[in-house]
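Side-chain atoms are counted along with the backbone in the values below, which use heavy atoms only and exclude waters and symmetry mates.
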Amino acid sequence: MNFNPETLTVPASAWPVPMILDTDTYNEIDDQFALIYALLAPEKIALRAVTAAPFHNRRSSSPGDGMRRSLEEINRILELTAAADRVPALPGSESWLPDPVTPVDSPAAHRIVAEAQRAAGQGVKLFVTAIAALTNVASALLLEPAIADQLVIIWLGGNQLEADDPAEFNLCGDLAAARVVFERAEHLIQIPCNFVASALQMTAPRLRSELAGTGAVGTYLCSIFEHYLQENPTEANKVIWDISAIAALTAPELFRWRLIPRPTLTPEGRWQASGSDRRLKVAAELDPGRIFEDLFGRIRRRAADAR
């Protein structure tokens, strides 16, 4: 077994763990950092697939358009890192869940089911790291409820349970999906956004300094980062939120964790005590400097090995 269900931890002897990354990669620019991070951590992560999640904001005309743009960006990153021949990219949902009992059929949801069943045959858990709205993950749980115990879901989303305002992009994008996951998933790890992942602040000068001489990968990350700041001239820096969810597997010791009773989500998106005996592992704090150094060190070593 590659997972302790009582403490929601991975034993040191269990690496690498099979993982699917579910990402709305074109939504901002931090998903690209997270995908590269996952690809450069083969001693911890056996990346089985990358699935494109829907999103809807000013960078997309609809959830389905956001998903398709994300799939294009996933493929761009896989080509950039020479991983396209070993890591498949799959399209996800074209729409949000219509309600908490109806899945949205997609290749992504079916791949999650298939990889969970494959992992079960190997006697291990499948990790699904979700850095987007939970549409694809919830759909997989609704399509095949038997996989609920086979998945360990790491989700970057929502805010701290004590927050006055729980509203957050990944949570509110598909609230029905978040409700499904909190109700049906057996093993769930949450990284809140505000006051936890929000500590991962980065500036353009520091990024250029850290990634100088790292080739196409470093050039691409600096380019999209600086383009983001040009589009948002009132911002002097950018939170690279999504790398927190990868670091939860590559370097869990860089977090302070809490193990608490699993709450439910109300239809209005509020946390509510459930009385369940299931646990939720929640990140209470992280070490941004050491997480960035883990990521940048991997990028620098890849560039050095390529010379």
Could you tell me whether [X] and [Y] make a salt bridge, using a distance below 4.0 angstrom between a side-chain N and a carboxylate O?
{"X": "E115", "Y": "R118", "result": "yes"}
{"X": "R279", "Y": "E6", "result": "no"}
{"X": "E43", "Y": "R298", "result": "yes"}
{"X": "R206", "Y": "E210", "result": "yes"}
{"X": "R300", "Y": "E293", "result": "yes"}

So which heavy atom on [X] is nearest to which on [Y], and how close?
{"X": "L286", "Y": "A199", "value": "CD1-CB, 4.1 Å"}
{"X": "A167", "Y": "N159", "value": "O-ND2, 3.1 Å"}
{"X": "I243", "Y": "I240", "value": "CG1-O, 3.3 Å"}
{"X": "S244", "Y": "L200", "value": "CB-CD1, 3.7 Å"}
{"X": "D99", "Y": "A176", "value": "C-CB, 4.0 Å"}
{"X": "V282", "Y": "P192", "value": "CG1-CG, 3.7 Å"}

Distance in Å, L141 CG paired with Q150 CD, rounded so as to fall on 0.5 Å steps
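Here the rounded value is 12.0 Å.
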With T266, which residues qualify under side chain to side chain donor-acceptor pair (under 3.5 Å), at least two apart?
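Residues passing side chain to side chain donor-acceptor pair (under 3.5 Å) with T266: E268.
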Using side-chain contact (heavy atoms from CB on, under 4.5 Å) as the criterion, point out the one residue from W155, F255, W257 that pairs with I189.
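Only one option passes, and that is W257.
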Among I154, T129, V137, I153, which one satisfies side-chain contact (heavy atoms from CB on, under 4.5 Å) with D22?
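For D22, the side-chain contact (heavy atoms from CB on, under 4.5 Å) test succeeds with only one of I154, T129, V137, I153, which is V137.
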Sub-3.5 Å donor-acceptor pair from the side chain of [X] to the main-chain atoms of [Y], do we have one?
{"X": "S223", "Y": "T219", "answer": "no"}
{"X": "N136", "Y": "S93", "answer": "yes"}
{"X": "N232", "Y": "E235", "answer": "no"}
{"X": "R68", "Y": "A52", "answer": "no"}
{"X": "E168", "Y": "N170", "answer": "yes"}
{"X": "D24", "Y": "N27", "answer": "no"}

Hydrogens and angles aside, do [X] and [Y] bring a side-chain donor and acceptor to less than 3.5 Å of each other?
{"X": "T23", "Y": "D31", "value": "yes"}
{"X": "D65", "Y": "H56", "value": "no"}
{"X": "Y37", "Y": "D294", "value": "yes"}

Before giving the answer on side chain to side chain contact (heavy atoms under 4.5 Å, CB included), spell out for K125 and H187 the whole-Å C-alpha distance, their side-chain angles and the decisive distance to 0.1 Å.
CA-CA 10 Å; K125 304 291 188 188; H187 314 295; 3.7 Å; yes
Mind checking what makes side chain to side chain contact (heavy atoms under 4.5 Å, CB included) contact with S198, not counting sequence neighbours?
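With sequence neighbours excluded, S198 shows a side chain to side chain contact (heavy atoms under 4.5 Å, CB included) to W241, given in chain and number order.
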Treat each ILVMFWY residue as a node, draw an edge where side-chain heavy atoms are under 4.5 Å apart, and state whether I299 and I246 are in one component.
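They do share one cluster, since a chain of ILVMFWY contacts under 4.5 Å joins I299 to I246.
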